[in-house]
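Read through the structure below, which is laid out as structure tokens, and then see the notes.
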Amino acid sequence: MSNIVYDVVEDYIRETLEQNTGQIREMELYAEENSVPIIHKEVAELLKVILKIHRPKRILEIGCAIGYSSILFSSILDNDVEIITTERNPVMLEKAVENIKKAGLEDKIKILVGDAQETLKDIDGEFDMIFIDAAKGQYKMFFDMVIDKLKVDGLVISDNILYKGMIASDDLVVRRKKTIVKRMRDYLDYICQSDYLDTSIIPIGDGLAISYKKSESK
């Protein structure tokens, strides 16, 4: 249960959407069997539409895990994209490298190994899209580190933004998650109130925020 929408609605959407095949489906099953967090099915389908409209040529992903999102993004864009992603967990990293190699995307997807707080400092060039799906309490820090690397007209997509409903209601907040909840609320307030962004918060999956950069940050 996500606490974002009614279970019956979530189940209906997932049952109605077309099921993936091939390696993408294999990774979904692996993630399910091994409790690896990947983007929810309905979120993936929304991102598929956004990517086909936006057609980014260069994507920065913060939080690689097993490489699911990067490989999915590349497949949606017919491999006509460069993706730089980050991962510090050695178990996830090993699986991501294996999956990327299996997909034949070693020349399209580059993994920065280590804590994103350090690896993001040395990124060169600009991006058309930034996808944040990492430590929930650090979204604002990651955002501040990379927003100047995002082109005007680019997108910042932040996943798990409602965090099991806890961001929306104190009644759902687990005591040990209070700091994360506060930081995520602060992050949402910032991206929703910034003059240089237009942001939409969408209650699907675990919550998704889509921000359009309409001018340079001040």
Side-chain angles (χ1 to χ4, degrees), residues 2 4-5 37-40 42-64 69-70 72-74 76-77 81-86 112 115-169 177 179-218:
S2 67
I4 307 301
V5 298
I38 61 172
I39 53 177
H40 294 230
E42 60 273 30
V43 172
E45 292 302 313
L46 174 60
L47 294 180
K48 182 184 294 185
V49 174
I50 291 171
L51 288 168
K52 285 183 177 291
I53 294 171
H54 189 55
R55 303 302 299 184
K57 294 294 185 181
R58 199 160 188 254
I59 296 174
L60 172 62
E61 176 190 44
I62 305 174
C64 178
S69 297
S70 289
L72 178 68
F73 295 166
S74 187
I76 292 167
L77 296 166
V81 63
E82 176 191 0
I83 300 175
I84 296 178
T85 184
T86 67
L112 303 179
D115 193 317
Q117 188 172 354
E118 296 300 322
T119 59
L120 291 175
K121 293 178 181 178
D122 301 320
I123 289 180
D124 294 322
E126 292 184 308
F127 296 89
D128 304 296
M129 183 180 120
I130 296 171
F131 182 60
I132 305 177
D133 188 17
K136 305 300 172 280
Q138 305 299 327
Y139 274 31
K140 181 59 165 58
M141 180 190 71
F142 296 144
F143 178 93
D144 288 342
M145 292 183 72
V146 300
I147 188 59
D148 288 340
K149 297 288 186 180
L150 182 69
K151 295 178 181 177
V152 172
D153 295 328
L155 300 176
V156 179
I157 299 179
S158 310
D159 197 18
N160 306 117
I161 208 73
L162 296 177
Y163 200 38
K164 304 183 188 303
M166 287 188 277
I167 307 305
S169 174
K177 302 292 186 180
T179 299
I180 292 175
V181 169
K182 181 183 183 305
R183 289 179 179 178
M184 188 66 89
R185 286 174 177 171
D186 289 345
Y187 173 66
L188 277 173
D189 286 344
Y190 179 80
I191 61 175
C192 288
Q193 296 170 15
S194 294
D195 292 340
Y196 64 94
L197 298 173
D198 284 329
T199 295
S200 177
I201 301 173
I202 305 172
I204 61 171
D206 198 25
L208 193 73
I210 302 174
S211 303
Y212 170 79
K213 186 177 179 181
K214 55 188 178 181
S215 64
E216 294 295 347
S217 55
K218 300 174 183 178

- Please round to the nearest 0.5 Å and tell me the distance separating atom NZ of Lys149 and atom CG of Asp124. 5.5 Å
- Message: If I take atom CD1 from residue Ile147 and atom CE from residue Met145, how far apart are they, to the nearest 0.5 angstrom?
- Response: 13.5 Å
- Query: Are the side chains of Leu120 and Leu60 in touch, meaning some heavy atoms are under 4.5 Å apart?
  - Reply: yes
- For the side chain of Lys140 and the backbone of Asp186, is there at least one donor-acceptor N/O pair under 3.5 Å apart? no
- side chain to side chain contact (heavy atoms under 4.5 Å, CB included) assessment of Phe131 paired with Leu47: CA-CA 10 Å; Phe131 182 60; Leu47 294 180; 4.0 Å; yes
- Least distance between heavy atoms, Val81 atom then Ser74 atom: CG1-CA, 3.9 Å
- Item | Leu112: which of Ile84, Thr85, Asp122 passes side chain to side chain contact (heavy atoms under 4.5 Å, CB included) | Ile84
- Note on the structure: Output for pair (Ile157 CD1, Ile39 CD1), nearest 0.5 Å, gives 9.5 Å
- May I ask you to decide if Tyr212's main-chain N or O and Asp198's side chain share a donor-acceptor pair within less than 3.5 Å? no
- Task: Please determine if Lys177 forms a cation-pi arrangement with Tyr163, meaning its NZ or CZ atom is less than 6.0 Å from the six-membered ring centre and no more than 45° off the ring axis.
- Result: no
- Message: Please check if the number of heavy atoms outside Lys182 that lie under 6.0 Å from its NZ is greater than 12.
- Response: no
- Smallest separation among heavy atoms of Asp206 and Lys164, with atom names: OD1-N, 2.6 Å
- Query: Is there side-chain contact between Leu51 and Met129, with at least one heavy-atom pair below 4.5 Å?
  - Reply: yes
- Task: Could you tell me whether the side chain of Lys213 reaches within less than 4.5 Å of the side chain of Leu197, counting heavy atoms only?
- Result: yes
- Message: Measuring only between side-chain heavy atoms, which start at C-beta, is Gln117 closer than 4.5 Å to Met141?
- Response: yes
- Where Asn160 and Lys136 come nearest, the two heavy atoms and their spacing: CB-CE, 3.2 Å
- Item | Tyr139 side chain near Ile191 side chain, heavy-atom distance below 4.5 Å | no
- What distance separates His54 NE2 from Ile50 CD1, expressed to the nearest 0.5 Å? 9.5 Å
- Task: For Ile167 and Arg185, work out which heavy atoms get closest and say how close.
- Result: O-NE, 2.9 Å
- Item | Close side-chain approach of Pro56 and Leu155, heavy atoms under 4.5 Å | no
- What are the two closest non-hydrogen atoms of Cys192 and Ile201, and how far apart are they? SG-CD1, 3.7 Å
- Task: Report the C-alpha separation of Phe143 and Ser158 in whole Å, then their side-chain angles, then the decisive distance to 0.1 Å, and conclude whether the side chain to side chain contact (heavy atoms under 4.5 Å, CB included) test is met.
- Result: CA-CA 10 Å; Phe143 178 93; Ser158 310; 6.0 Å; no
- Any chance you could lay out the side chain to side chain contact (heavy atoms under 4.5 Å, CB included) test for Arg58 and Glu126, step after step, and finish with the verdict? CA-CA 8 Å; Arg58 199 160 188 254; Glu126 292 184 308; 5.5 Å; no
- Item | Approximate separation, where rounding is to 0.5 Å, of Glu42 CD and Ile202 CD1 | 11.5 Å
- CD1-OG1 distance between Ile62 and Thr86, expressed to the nearest 0.5 angstrom: 6.0 Å
- Query: Asp133 versus Glu61: any side-chain heavy-atom pair under 4.5 Å?
  - Reply: no
- Task: Identify the two heavy atoms, one from Ala116 and one from Phe142, that lie closest to each other, and give their separation to 0.1 Å.
- Result: CB-CE2, 3.7 Å
- Are the side chains of Ile204 and Val5 in touch, meaning some heavy atoms are under 4.5 Å apart? no
